[in-house]
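Here the structure comes first, spelled out in structure tokens, and everything after it is commentary.
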Amino acid sequence: MEVLRYERKLEDVTEVIGHAKLAEDDLAPQSQALFISDSFEDYKLLELNSSIQTTLSEGQRVVFKGEEHEKAVLCTENETYEILEAETSNTLLLVPELIFAFPSKDGTAQNGETGEQNGIRHLSNVVVTGIFNSYLEVRKMKPRLRKLEELLAFSEYKGSELEKEVLASAGSRLYSRDDLLTLVQASSRELDEGLQQIAACEINGKWRLLDFDYCFRVLSQIQNLIDSNSWPLNAIPENETVDTLKDLFPETIVRHVFHQFTTPQYERNEEGDALFELIEDKVCRFLAEALLRPLANSQDATGFDLQQFLAAWQHSVPEGMQTNVKQLAGLAVIDDSTGKTPQVKLLPEKSLPEGASERLQQLFSIRQQWTLDEIQPYIEPVAVNAADVNRLLMKHARSFMSNGKRCYTARHGQKN
């Protein structure tokens, strides 16, 4: 049986205005009667912040990213946002043809469709095409870059002699930048920063990680070349280094590793070769990992005696460089909780869960007590900013002072 919809008339509007004890002159002359559509489209409401609105108004791309098993994120060219569902106590109506009668600064109607019309009231019918009690909101987040390293792990470059074997094992899992931009939940800028952070190298148009041991071999040869030529650590010629070692390693790889551990001095030697300086903290940190990796991978992963490690570490770095335990931040921890000789244990930040709560839970399972300096390097990579580090610690840990240092332990009975 067909249900007839009552069509409102101007008389109905006048009657309602009278019941409400309102004056006609105080109201805009345009009245609208709302009717519910017979069927609704599957719309979602998304609240955008000013930054995303500006991005859209400037004609830039805003994209949703996420495979079936992933929570979708929204990415601009520079930022990544998580998408959250929020409920509202007020019902929201979607009315595409609704006329807004609020006047603009020049006195005309805002959308140009309604005006004074000589004071004569007009009535139009508009249709409600959606009813909502919730909407989606966005919150800035750290890009999910763990997947980037996981994708590239299948095709680590181990040298030209092993390339055929590696490519056969990797199959079709070689990725261009466009491939990675599609698969990884990060903005374009954040993806480039992520590739730089993990020291990825572009080889024949595909992005690859260097095998750690292979990278160690290349860096060792660069060190040997510096020693044999007695080059100052802040005046290393780039082209001469590459030309000398390109018979041992591909030129692209030598240049990549060279730039990974040096910074330009913006000076040239007498031959016109650009000069670079070895980055002390980066070189020392890499060589520390080289010392700790074999022990960490052994069955008896008890750690490295601190004093023995410090001596071996200092001996391994180029002459003129100074090792410092601060260079181990986010890479290794010093365990002196047993009451015996302190031990150094490898704990790379990237080995921990990507989620903040899961990460903190694991950190406190590894060790019951952390100082702020020790735990902060493991939290910063999953925090949006410095304030977020404090928020995460307040939420998941209990703080106290010990020997003049701020320390943290897990909240008792906490469930993450």
Worked check of side chain to side chain donor-acceptor pair (under 3.5 Å) between S188 and R177: CA-CA 9 Å; S188 179; R177 184 184 179 279; 2.5 Å; yes
Check for a donor-acceptor pair, side chain of R293 on one end and backbone N or O of D213 on the other, with a separation under 3.5 Å. no
When the ring planes of Y214 and F249 are compared, do they come out parallel, tilted or perpendicular, using 30° and 60° as the limits? perpendicular
Contact check, side chains of M321 and V283, non-hydrogen atoms, under 4.5 Å: yes
Carboxylate-amine/guanidinium proximity below 4.0 Å for D192 and R189: no
Once you round to the nearest 0.5 Å, how far does OG of S134 lie from CG of L84? 12.5 Å
Which pair of heavy atoms, one from F132 and one from Y43, lies closest together, and at what distance? CE2-O, 3.4 Å
Counting C-beta onward and ignoring hydrogens, is there a side-chain heavy-atom pair between I198 and L152 closer than 4.5 Å? yes
Spatial distance of atom SG (C407) from atom CD (E374) [nearest 0.5 Å]: 7.5 Å
Assess whether side chain to side chain donor-acceptor pair (under 3.5 Å) is satisfied between R406 and T371, documenting all intermediate values. CA-CA 6 Å; R406 175 70 62 184; T371 67; over 6 Å; no
side-chain contact (heavy atoms from CB on, under 4.5 Å) for E349 and E380? Distances and angles first, verdict last. CA-CA 10 Å; E349 175 274 323; E380 285 179 338; over 6 Å; no
If you look at every heavy atom in L347 and S351, which pair is closest and at what distance? CD1-OG, 4.2 Å
Contact check, side chains of Y81 and V73, non-hydrogen atoms, under 4.5 Å: no
Side-chain heavy atoms of V325 within contact of L310, under 4.5 Å: yes
Is the backbone of Y175 close enough, under 3.5 Å, to the side chain of D179 for a donor and an acceptor to pair up by distance? no
Determine whether T263 and E277 satisfy the following criterion, side chain to side chain donor-acceptor pair (under 3.5 Å), listing intermediate values before the conclusion. CA-CA 5 Å; T263 184; E277 179 180 9; over 6 Å; no
Could you tell me whether the side chain of E47 and the main chain of Y135 form a donor-acceptor pair under 3.5 Å? no
Under 6.0 Å from the CG atom of N133, do we count more than 12 heavy atoms belonging to anything else shown? yes
Could you measure the distance from the CD1 atom of I99 to the NE2 atom of H122? Nearest 0.5 Å is fine. 10.5 Å
Under the criterion side-chain contact (heavy atoms from CB on, under 4.5 Å), I'd like the reasoning laid out for L93 against L98: C-alpha separation, chi angles, the key distance, then a yes or no. CA-CA 11 Å; L93 303 180; L98 187 68; over 6 Å; no
What one should report as the nearest heavy-atom pair of T80 and S187 is OG1-N, 3.3 Å
Have a look at R208 and tell me which of E163, E156, E202 forms a salt bridge (Lys or Arg N to Asp or Glu O under 4.0 Å) with it. E163
CD1-CZ distance between I375 and R367, expressed to the nearest 0.5 angstrom: 9.0 Å
Do you know which two heavy atoms are closest between S37 and S39, and how far apart they sit? OG-O, 2.7 Å
Is a donor on one side and an acceptor on the other found under 3.5 Å between the side chain of K282 and the backbone of T262? no
The test is salt bridge (Lys or Arg N to Asp or Glu O under 4.0 Å); show your working for K350 and E150 and say whether it passes. CA-CA 11 Å; K350 62 184 179 181; E150 292 173 351; over 6 Å; no
Can a donor-acceptor pair be found between the side chains of Q60 and T76 at a distance below 3.5 Å? no
May I have all residue pairs that pass salt bridge (charged side-chain N to carboxylate O under 4.0 Å, His left out) and include part of residues 248-274, sequence neighbours excluded? E238-R255, E251-R255
Are there over 12 heavy-atom neighbours, none belonging to E87, within less than 6.0 Å of that residue's CD? no
For F400, does the CZ atom have more than 12 heavy-atom neighbours from other residues, nucleotides or ligands under 6.0 Å away? yes
Determine yes or no for a side-chain-to-main-chain donor-acceptor pair under 3.5 angstrom, with Q185 supplying the side chain and K65 the backbone. yes
Using side-chain heavy atoms (C-beta onward) and a distance below 4.5 Å, is L167 in contact with S155? no
Given E358 and Q362, is the side chain to side chain donor-acceptor pair (under 3.5 Å) satisfied, shown in steps? CA-CA 6 Å; E358 294 84 358; Q362 184 164 332; over 6 Å; no
Main-chain N/O of I226 paired with S230 side-chain donor or acceptor, under 3.5 Å: no
Looking only at the aromatic ring of each residue, does the gap between the centers of H396 and F364 stay below 6.0 angstrom? no
For Q327, check side chain to side chain donor-acceptor pair (under 3.5 Å) against everything at least two apart and list the hits. D281
Does K140 form a salt bridge (Lys or Arg N to Asp or Glu O under 4.0 Å) with E82? I'd like the steps, not just the answer. CA-CA 6 Å; K140 191 175 178 182; E82 63 178 328; over 6 Å; no
Stepwise salt bridge (Lys or Arg N to Asp or Glu O under 4.0 Å) test for K142 and E190: CA-CA 9 Å; K142 284 278 190 176; E190 291 166 334; over 6 Å; no
Rounded to the nearest 0.5 Å, what separates atom NE2 in H315 from atom OG1 in T323? 12.5 Å
If only atom types and distance count, is the side chain of E280 paired as donor or acceptor with the main-chain N or O of Q322 below 3.5 Å? yes
Does the pair V166 and Y157 meet the rule for a side-chain contact (heavy atoms from CB on, under 4.5 Å), with working shown? CA-CA 8 Å; V166 170; Y157 187 82; over 6 Å; no
Taking atom CD of E7 as the centre, report whether more than 12 heavy atoms of other residues, nucleotides or ligands fall under 6.0 Å from it. yes
Donor-acceptor pair, R121 side chain versus A28 backbone, under 3.5 Å? yes
Restricting to non-hydrogen atoms, name the atom on A33 and the atom on R8 that form the minimum distance, rounded to 0.1 Å. CB-CD, 4.0 Å
May I ask you to decide if Q368's main-chain N or O and T409's side chain share a donor-acceptor pair within less than 3.5 Å? yes
With rounding to the nearest 0.5 Å, note down the distance linking CH2 in W231 to CG in L225. 4.0 Å
If you count the non-hydrogen atoms of other residues, nucleotides and ligands that lie under 6.0 Å from CD in E67, is the total more than 12? yes
Short question: side chain of S169, backbone of E165 - any donor-acceptor pair under 3.5 Å? no
Please report the C-alpha distance between W313 and V317 in whole Å, then the side-chain angles of each, then the deciding distance to 0.1 Å, and finally whether the side-chain contact (heavy atoms from CB on, under 4.5 Å) criterion is met. CA-CA 7 Å; W313 186 21; V317 303; 4.2 Å; yes
Any side-chain heavy atom of K158 within less than 4.5 Å of one from R217? no
Using ring centroids (six-membered ring only for Trp), state whether F286 and F212 fall under 6.0 Å. yes
Nearest non-hydrogen partners of L151 and V184, listed with the distance: CD1-CG2, 4.1 Å
Do V16 and D12 come within less than 4.5 Å of each other through their side chains, counting heavy atoms only? no
